[in-house]
Number of protein chains: 2
Amino acid sequence: MAQPSPGSPRARGSYAKGIAMRQEILDSAIEVFAQRGAGRTSLRAIAEEVGVTHAALIHHFGTLEQLLVEVYSESARRLEREHPVPGGVSPVERMRLSAERNHGVPGMVQLYTSLVATALEVGHPAATAFATERFAQARAALTEQVRDAQASGRIRRDLDAGQVAALVIAASDGLQTQWLLDPGVDQVGALAMLDRLLTDRAAEGDAG
Amino acid sequence: MAQPSPGSPRARGSYAKGIAMRQEILDSAIEVFAQRGAGRTSLRAIAEEVGVTHAALIHHFGTLEQLLVEVYSESARRLEREHPVPGGVSPVERMRLSAERNHGVPGMVQLYTSLVATALEVGHPAATAFATERFAQARAALTEQVRDAQASGRIRRDLDAGQVAALVIAASDGLQTQWLLDPGVDQVGALAMLDRLLTDRAAEGDAG
DNA sequence: GTCTATAGGGCGATAGAC
DNA sequence: GTCTATCGCCCTATAGAC
């Protein structure tokens, strides 16, 4: 599957082999995360799973942190490819579906949370760059959707789209954390409430 | 200050000395966190600051994780004692002020985020218990304040108080993270917007 | 380019002496 | 109650084989 056929880009020499190994490493790393969780995952554990030494991982990815970033990014890419979030839903619902999808992959939410926590520490450029860009992209994409929803009257027009996007992402992430620690927390209900608050004429229609 | 005077409970022998040492360890640990950040803090670094070996810390706190939990709890306790959050403000504003206050202590937000991330991993009972209880207490306290605000008409009565509490905590935590990674994120503005959304007759007063 | 072997320094945790 | 000594593990870096 990862084997390059003749005609694949740059199949000569060991370049293609390196690409294949990278993919194989990421495959195994995702497996290790699913089984052991993000915190207990070490270079040696991943290397053992792949069947190489931990130094080989360093060769391909530089540091453990960069490997972790790529593991998450690859997982997210595959999820989006295999189970794309359907369109035609509200920005809040979109974030909820995305979070629910991530939750189906064992260890993925833990890895994400761990990377974000690491990103807040100084001296962790890989995690910091990952988290910063991930939030920036998420905000940019969601801001556009909020603007569309505002244009078609599904979200109040008096709200700043960028602030709504940041708020929705924050609420989704934060509620997921609370729900993971206490399943009694009504994550879905709270997000639905936020969705309602962002909608026009919510006060008129629901308030006593 | 932490020195037990005659008449203090159980001043005999080395019991009181152990209590004083615990406080001294926590003092130094808070210092180390302020200077080195949460991620780079090790038992040996704290021990060096205190002037003991890392084995002594294990003796008093059991594990690094438990020490970290106590460091955060003690910092939070001192903050609340020395700079209590003023009353008479909205639940959202209350969370914002609390977050702003924590932000003044170097390393505190990083430590908190790190503990929450650790809590999501399996096999970390100290961090998990800390985070679970902290969220539960925060939700319970905020839920009461939301109910009060609803009773006096400052928050829409058609909203579930518990859901509002969970949402406000999530928004506060999540926006703080985004703001730390990108100061361009309007954390204050987004929280003010949420405050407005929760208020009765927000739609009438601002829309259009 | 790819990978193994190995070494260096740091970590949390434990056991036992004082 | 605190220490020294030690264990086993970790990440990172480098030298050299293939």
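So that the names make sense, note that chain A is the first sequence line, chain B the second, and so on, each numbered from 1. All values reported here derive from a predicted model rather than from experimental measurement.
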Query - Single hit among A:Val92, A:Val146, A:Thr199 for side chain to side chain contact (heavy atoms under 4.5 Å, CB included) with A:Ile155 - result: A:Val146

Query raised in the report: Over how many whole Å does the gap from A:Leu68 atom CG to D:dT12 atom C1' extend?
Result: 14 Å

Report task. Would you mind reading off the distance between B:His54 atom NE2 and C:dC11 atom P, rounded to a whole angstrom? Result -> 9 Å

Query raised in the report: Expressed in angstrom and rounded to an integer, what is the separation of B:Ile58 atom CD1 from C:dA15 atom C1'?
Result: 13 Å

Report summary line: Taking D:dC3, C:dC3, C:dA13 as options, the one with an atom nearest any side-chain atom of B:Val52 is D:dC3

Report task. Please work out if B:Ser42 contacts a base, only the sugar-phosphate, or nothing of the nucleic acid, heavy-atom cut-off 4.0 Å. Result -> sugar-phosphate

Query raised in the report: Looking only at side-chain N and O atoms, does A:His60 come under 4.0 Å of OP1 or OP2 in C:dC3?
Result: yes

Report task. May I ask you to verify if any side-chain N or O of A:Thr53 is less than 4.0 angstrom from the OP1 or OP2 atom of C:dC3? Result -> no

Query - Minimal non-hydrogen separation, B:Ala99 against B:Gln176, with atom names - result: CB-OE1, 3.6 Å

Query raised in the report: Whole-Å distance between D:dG1 C1' and B:Ile25 CD1?
Result: 11 Å

Query raised in the report: Are any non-hydrogen side-chain atoms of A:Thr118 and A:Leu68 less than 4.5 angstrom apart?
Result: no

Query - Nucleotide nearest B:Leu64 when distance is taken to its side chain, options D:dA13, C:dG12, D:dT2 - result: C:dG12

Query - Nearest-Å distance for atom pair CE/C1', residues B:Met21 and D:dG1 - result: 9 Å

Query raised in the report: Would a 4.5 Å heavy-atom cut-off, applied to side chains only, mark A:Arg22 and A:Phe61 as touching?
Result: yes

Query raised in the report: Which nucleotide in the set C:dC3, D:dT2, D:dT12 lies at the smallest distance from any side-chain heavy atom of A:Ala56?
Result: C:dC3

Query raised in the report: Within the structure, does a side-chain N or O atom of A:Arg44 lie under 4.0 Å from either OP1 or OP2 of D:dC9?
Result: no

Report task. Look at all strands and tell whether A:Ala55 reaches a base, only sugar-phosphate, or nothing, counting heavy atoms closer than 4.0 Å. Result -> base

Query raised in the report: What integer distance in Å separates B:Glu48:CD from C:dC11:C1'?
Result: 14 Å

**Report entry** Phosphate-side-chain proximity, A:His59 and C:dT2, N/O vs OP1/OP2 below 4.0 Å
**Finding:** yes

Requested in this report: Specify the separation, in whole Å, of atom CZ of B:Phe61 and atom P of D:dG1.
Outcome: 13 Å

Query - Side chain to side chain, A:Leu67 and A:Ile25, heavy atoms closer than 4.5 Å - result: yes

Query raised in the report: Can you check the B:Ile46 CD1 to C:dG10 C1' distance for me, whole Å?
Result: 15 Å

